[in-house]
There are 2 protein chains.
Amino acid sequence: MKFNLQTRWNDHTPLYIQLANRLRDGIHEGQIAYGDALPSERVLSELTGTSRVTIRKALDQLVDEGLLLRRHGSGTFITPRPEQPGTSLSGFSADAVHCGQAPGSIWLVKMVSVATVDEAAVLALSAGTLVARLARVRIADEEPLAIEHAIVPVAMLPSIELISDSLYAALDHHGNRPSNGVQKIRASLATPIEAGLLSIKEGAEVLRIERRTFLADGTPVELTRSAYRGDRYEFVADLRDWCENS
Amino acid sequence: MKFNLQTRWNDHTPLYIQLANRLRDGIHEGQIAYGDALPSERVLSELTGTSRVTIRKALDQLVDEGLLLRRHGSGTFITPRPEQPGTSLSGFSADAVHCGQAPGSIWLVKMVSVATVDEAAVLALSAGTLVARLARVRIADEEPLAIEHAIVPVAMLPSIELISDSLYAALDHHGNRPSNGVQKIRASLATPIEAGLLSIKEGAEVLRIERRTFLADGTPVELTRSAYRGDRYEFVADLRDWCENS
DNA sequence: CAGTGGTCTAGACCACGGC
DNA sequence: CCGTGGTCTAGACCACTGG
C-alpha cells in the first residue's frame, strides 16, 4: 500500500479524521483500484501506529460516505463504482464539498422581476409578486454540473446583493431558512441551450429537479428548477422510518 | 430514568443495538420529555452494566437518526422537535394507487439464482449468495411505466412463489420488512431492449432508480434497480426538517 | 483452518460547559 | 472547579469467509 498515512499530532484534529482524509485522498488519486481490498484493520493499525478502534472509526466514516464496503470475514473493499452521492436534503455547495469536489458557479441572472403566472401558481403567490431571480451554472471539479434557476419572493431576501455562493446561507441570515419542502425529480433531455451551458450534447440525458420550500408556517420561500447532467450527477435519497407501502 | 434497559444476552443481537432500541422506544413513549437531558454516558454505562464505548455506539445511532443531540461539555439531549427526517418512500403499487392509476405488472423473471459480483458488492453479500431474482414490467393505465428488477437474499424470502403483487407484502409476511435504505436516482437513456419493453423510442429519457434496503440491524434485504419512463413518471421527495446545507 | 471484520471491555487523557 | 462529551489505547472473544 502506497498510502501516505503519516499523521501530525501537533495539529490537533482527531487522529481518525486525519486517517480518513488520507485514505480518501489515496482512493481518489487512484492509488488503489476500485474493487480492490484494503489492508486489514489490524495491518493498518500497525502501519499507522494507532489502535484498531481508531482505524475502525476512520473506516466507518468512509463506509458512511459510500467509498468503502465491508464484508464480514472477507475484507474491506473500495466501492466498485465510484459514486457521486448527493444528500437528499442539502443544497448544492454542501453536496459538492461532501464529495471532495471544488464547488463553483457562474452567474447567468441575478435580478428582481415579477413572477410569471406559472411560478406564481406553483409557489401560491399572488399575481405580480416581486421575486429575486437567480440563475447559475454550477461547477464541480472545473466542469459544469448543473443549471440552477431559483425564484425567491423579495420579502424573503431584502438584499439580493448579499448572495455570494449560497442561497441558503443568505436566507438563513434573514431568518428565513426553509423548514420543509417538496422535490420533484424526473428524467429529461437537454435542450440546445442547456447542452451548450453544460458542455454536453443536445438531447443528452439530464435530471430535472424542481424544489419548492417553505417556512414552518407554510409561507413559500423558494422555487428552484435545476437541470443536472445525467452523466455526472446522481440524486441520493435516504430512507428512514418506512411508511405504509406497496 | 425510567428506561427499561434490560438486555437479553441469549438473543445475540449486538448489545449496542438492543440499547439503542430500548432508548428509542423510551423516547417515543415519552418517558423523557423532548429537550431534556439524558443521563450522562458514564451513568448509563453503570446503569446497564456495559462499557462506555458501547453506550456511545448506541447513542451514536440515535444521534444519526436525529433523535438525540450532543453538546460537548454539557450533555446529551432529546431533540426538541419530534422529527420525521429523511425522505419517505413508497413502493410501486402504493405510488400508483396514490395517483389514481390502475396498477398491474407482467413478470419477466421469477427465479432463484446466484448474486452477481456487482450485486453482491452493492448489497455487501458474500460471493455466491443465493438470491431471488424478480423482474417485472410495471403497468399503469394500461401502458408500461417501468421495468423493475429486484434481488432479495433467499434467507429473507423462503417462498418465492408467495409473491403475488407486492414484494413488500411478502417480506412483511416473513417479518423482514425493511426499516431503512438508500435510493439513488439518475437520468439516463433507454437501451433498445428497455425501449421495446416500455413502448418508447430507443434513446428516450428514463429515470433509473437503485434502491437498497435493510433491516433495523443493517442486514441487507433488497436491491432493486428500475427504469421509469421519463415522460410518465416523476419522483417526488418530501423534505422535512432541513439540515445544515449550502 | 487462518484471517477477516464485529463487538466489547476497562481504563486513560483531553477540551469544553457551566457553576 | 467538576462533570460533560470526544478521543484513544491494548487487549479480548466471537462469527464469518475462504481456501
Side-chain angles (χ1 to χ4, degrees), chain A residues 1 5 7-21 23 36-64 68-79, chain B residues 1 5 7-21 23 36-64 68-79 114-115 117 120-121 123-130 153 155 214-220:
Chain A
M1 291 316 97
L5 291 170
T7 54
R8 298 173 307 135
W9 226 176
N10 52 353
D11 170 1
H12 39 60
T13 63
L15 257 183
Y16 74 95
I17 302 245
Q18 293 185 45
L19 289 168
N21 289 338
L23 280 169
D36 274 12
L38 237 57
S40 85
E41 296 175 351
R42 289 164 177 88
V43 169
L44 281 174
S45 152
E46 193 151 334
L47 278 179
T48 59
T50 62
S51 83
R52 193 179 150 210
V53 183
T54 305
I55 292 289
R56 284 205 113 238
K57 230 181 151 183
L59 296 185
D60 280 345
Q61 263 218 330
L62 301 180
V63 168
D64 275 350
L68 295 183
L69 207 94
R70 283 204 257 236
R71 264 184 300 208
H72 194 164
S74 170
T76 303
F77 304 81
I78 317 283
T79 305
Chain B
M1 292 316 98
L5 291 170
T7 54
R8 299 174 305 135
W9 228 176
N10 53 352
D11 170 1
H12 34 61
T13 63
L15 257 183
Y16 73 95
I17 301 235
Q18 293 185 43
L19 289 168
N21 289 338
L23 281 169
D36 275 12
L38 237 56
S40 84
E41 297 175 351
R42 288 163 178 87
V43 169
L44 282 174
S45 152
E46 193 150 337
L47 278 179
T48 58
T50 61
S51 83
R52 195 182 149 209
V53 183
T54 305
I55 291 289
R56 284 204 113 238
K57 231 182 151 184
L59 296 185
D60 280 345
Q61 261 217 332
L62 301 179
V63 168
D64 275 352
L68 296 183
L69 207 93
R70 283 204 258 237
R71 267 186 299 223
H72 194 162
S74 171
T76 304
F77 304 81
I78 317 282
T79 306
V114 172
V117 176
L123 266 194
L125 301 172
S126 44
T129 303
L130 285 180
F214 308 89
L215 298 183
D217 68 357
T219 313

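Reckoned from all heavy atoms, side chains included, excluding hydrogens, waters and symmetry mates. In what follows, every chain begins at residue 1, and chains take the letters A, B, ... in the order their sequences are listed.
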- Query: In whole angstrom, what separates I55(A)'s CD1 from dA10(D)'s C1'?
  - Reply: 14 Å
- Compare every heavy atom of R70(A) with every heavy atom of L59(A), then report the nearest pair and how far apart it is. CB-NH1, 3.6 Å
- Message: Quick check: on DNA chain C, is the nucleotide nearest T76(A) upstream (toward 5') of the one nearest V53(A), or the reverse? Name the residue that is more 5'.
- Response: T76(A)
- Note on the structure: From the candidates dT4(C), dC16(C), dT9(C), the one with an atom nearest any side-chain atom of H72(B) is dC16(C)
- Side chain of R52(B) - closest among dC8(D), dT7(D), dG5(C): dT7(D)
- Query: In whole angstroms, how far is the P atom of dG5(D) from the CG atom of L62(B)?
  - Reply: 14 Å
- Please state how far atom CG in L68(A) lies from atom P in dG5(C), giving the value in whole angstrom units. 11 Å
- Note on the structure: Taking dG18(D), dC8(D), dC8(C) as options, the one with an atom nearest any side-chain atom of S51(A) is dC8(D)
- Message: Expressed as a whole number of angstroms, how long is the span from I17(A):CD1 to dA15(C):P?
- Response: 16 Å
- Message: For a quick test of reading the model: is some side-chain N or O of Y16(B) closer than 4.0 Å to OP1 or OP2 of dT7(C)?
- Response: yes
- Item | Nearest-angstrom distance from the residue atom CZ of R70(A) to P of dG3(C) | 21 Å
- When the nearest nucleotide of DNA chain D is assigned to S126(B) and to V43(B) on a heavy-atom basis, which residue is associated with the more 5' position? V43(B)
- Query: Taking R52(B) as the fixed residue, which of K57(B), R42(B), E46(B) is the one that meets the side-chain contact (heavy atoms from CB on, under 4.5 Å) rule?
  - Reply: R42(B)
- Does a nitrogen or oxygen in the side chain of K57(B) sit under 4.0 Å from OP1 or OP2 of dT7(C)? yes
- For atom CG of L19(A) and atom P of dT7(D), their distance in whole Å: 13 Å
- Ranking E41(B) and R71(A) by the position along DNA chain D of their nearest nucleotide, the one closer to 5' is E41(B)
- Let me know the distance between CG of L59(A) and P of dT7(C), rounded to the nearest Å. 14 Å
- Query: Picking from L23(A), V63(A), D60(A), what satisfies side-chain contact (heavy atoms from CB on, under 4.5 Å) with L68(A)?
  - Reply: V63(A)
- Query: Below 3.5 Å, does any donor atom in the side chain of R42(A) face an acceptor in the base of dG5(C), or the other way round?
  - Reply: yes
- Query: Of the options T129(B), L215(B), L125(B), which is the one that meets P220(B) in a side-chain contact (heavy atoms from CB on, under 4.5 Å)?
  - Reply: L125(B)
- Message: OP1 or OP2 of dC16(C) versus the side-chain N and O atoms of S74(B): is any pair under 4.0 Å?
- Response: no
- Rounded distance in Å - CG (L44(B)) to C1' (dT9(C)): 17 Å
- Hey, does T76(A) have a side-chain heavy atom less than 4.5 Å from the side chain of L69(A)? no
